[in-house]
Amino acid sequence: MRALFLWMSRSIRLRRLITRIGFARRAALRFVAGETIDDAIAAIRTLNANGILATVDHLGENVETEADAHRAAQSYVDVLDRIGKEGVRSSASLKLTQFGLDIGDELCRENVAGVLRKAKAVGTRVRIDMESSDYTDRTLAVFRSLRREFDNVGIVIQSYLYRSKDDIAALCQEGASVRLCKGAYNEPPDKAFPKKADVDANYVALTRKLLSDEARARGYAAIATHDPKMIDAAKAYVAEHTVPREQFEFQMLYGIRRDLQQQLAKEGYTMRVYVPYGAEWYPYFMRRLAERPANVWFILRNLFRG
Ligand SMILES: Cc1cc2nc3c(=O)[nH]c(=O)nc-3n(C[C@H](O)[C@H](O)[C@H](O)COP(=O)(O)OP(=O)(O)OC[C@H]3O[C@@H](n4cnc5c(N)ncnc54)[C@H](O)[C@@H]3O)c2cc1C
């Protein structure tokens, strides 16, 4: 099921077909705040009112023209502008392939630099999402190049990749802000752990590394997962090593485990929710279905109930 949905997420023909179906659009709204900036701001406002921070994502990836890459950058400048004007508490998350990475590294870097400048002016940060392993090296290179100029940029590392142990070690040395997630793409067994148990064990090991004294001396950790076992492991490490709460945060996706989001915020942890919005919801939606096939049955049940 996972492989099928991840294959579907890349199919342009299926995307054209499925995005025309009204029911699919409505189902995607379980994971996506809506199609407009107003929808995103309304979702952020509701989260903020419940003591939860946000990171906004204007959906889109793998653009093929410079014009589309510039448009994506402008859309982030626009949403950051609104975040500043409305005074809501949100950073931004973006994918480099939406900013032209498939066209050229320099074009992509310049587009992201414009967004970082705007984020700086608004007093917030930008995190670069990690895409499939085809892009890991180039994503890290663009991130490191931007870090030389900007102090408000962070990166993401995926625990399913074998290489992540070394990447985390290097990023900790560099004092980077790192979001740790398990990884959402279809990866071959020579690059990623095929067994979930190994991905989870690596997640716990990398969390501990990110929360260690050495890493926290200069960096910041964002523990991005809905998995209670991963969260409990992080909490246990934090309690045992008296890690100050302002040196890390938990992150989850919009619409997933709202109960747990609320609980962690109530317990006094910094909780941030990833808020995607925009018309390009199809691949994001398919990846969420791939993560939990039970979501498909939930959606189909509601369809047949009318
Ligand atoms: C804030 C944030 C940012 C992310 N950024 C990236 C990124 O840049 N690159 C990347 O590759 N991946 C990213 N991801 C996705 C991540 O890699 C995982 O695919 C996703 O979070 C599911 O893994 P999990 O840690 O929740 O654990 P899992 O073991 O997959 O799930 C644990 C439990 O969480 C719940 N759950 C998980 N997923 C769903 C779902 N779709 N629907 C309903 N319930 C669910 C279920 O109760 C499940 O039992 C991000 C995730 C988060 C939370």
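Everything numeric here is computed off the predicted structure, so don't read it as measured data. Whatever order the structure lists ligands and atoms in, that order sets their numbers, starting from 1.
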Contacting atoms of ligand 1, where contact means under 4.0 angstrom from a heavy atom of [X]:
X	value
Gln158	9 (N), 10 (C), 11 (O)
Asp129	8 (O)
Gln251	1 (C), 53 (C)
Val156	7 (C), 8 (O)
Gly183	11 (O), 16 (C), 17 (O), 19 (O)
Asn295	40 (C), 41 (N), 42 (N), 43 (C)

Do the rings of Tyr269 and Phe250 sit parallel, tilted or perpendicular, given the 30° and 60° boundaries?
perpendicular

Quiz item: In terms of the angle between their ring planes, are His58 and Tyr76 parallel, tilted or perpendicular, with boundaries placed at 30° and 60°?
Solution: perpendicular

When you measure from [atom] to every protein heavy atom, which one gives the shortest distance, and what is it?
atom	value
atom 27 (O) of ligand 1	Lys182 NZ, 3.1 Å
atom 6 (C) of ligand 1	Cys181 SG, 3.7 Å
atom 4 (C) of ligand 1	Arg179 NH1, 3.7 Å
atom 9 (N) of ligand 1	Met130 O, 2.8 Å
atom 40 (C) of ligand 1	Ile256 CD1, 3.4 Å
atom 49 (O) of ligand 1	Arg292 NE, 4.6 Å
atom 33 (C) of ligand 1	His226 O, 3.9 Å
atom 18 (C) of ligand 1	Glu291 OE2, 3.5 Å

- Task: Answer with yes or no whether Lys196 contacts ligand 1, where contact means a heavy atom under 4.0 Å from a ligand atom.
- Result: yes

All heavy atoms of Ala176 vs all of Phe143, minimum pair found to be CB-CZ, 3.9 Å

For Arg125 and Ser177, the nearest pair of non-hydrogen atoms, with its separation, is NH2-CB, 3.7 Å

| Quick one: does atom 31 (O) of ligand 1 have a protein heavy atom under 4.0 Å from it? | no

key: Donor-acceptor pair, side chain of Thr207 and main chain of Tyr203, under 3.5 angstrom   = yes

query: Hey, does Tyr160 have a side-chain heavy atom less than 4.5 Å from the side chain of Lys196?
result: no

### Query
Do the side chains of Ile44 and Glu86 get nearer than 4.5 Å, heavy atoms only?
no

Practice item. Evaluate whether atom CD1 of Ile21 has more than 12 neighbouring non-hydrogen atoms of other residues, nucleotides or ligands under 6.0 angstrom away. Key: yes

Other residues, nucleotides, ligands: >12 heavy atoms within 6.0 Å of Glu64 CD: no

With heavy atoms and a 4.0 Å threshold, my read on which part of Tyr185 contacts ligand 1 is side chain

With heavy atoms and a 4.0 Å threshold, my read on which part of Met252 contacts ligand 1 is backbone

Pairing of [X] and [Y] as salt bridge, 4.0 angstrom limit:
X	Y	result
Glu149	Arg117	yes
Asp259	Arg257	yes
Glu249	Arg179	no

Practice problem: Decide whether an N or O pair under 3.5 Å exists between Thr225 and ligand 1. | Solution: yes

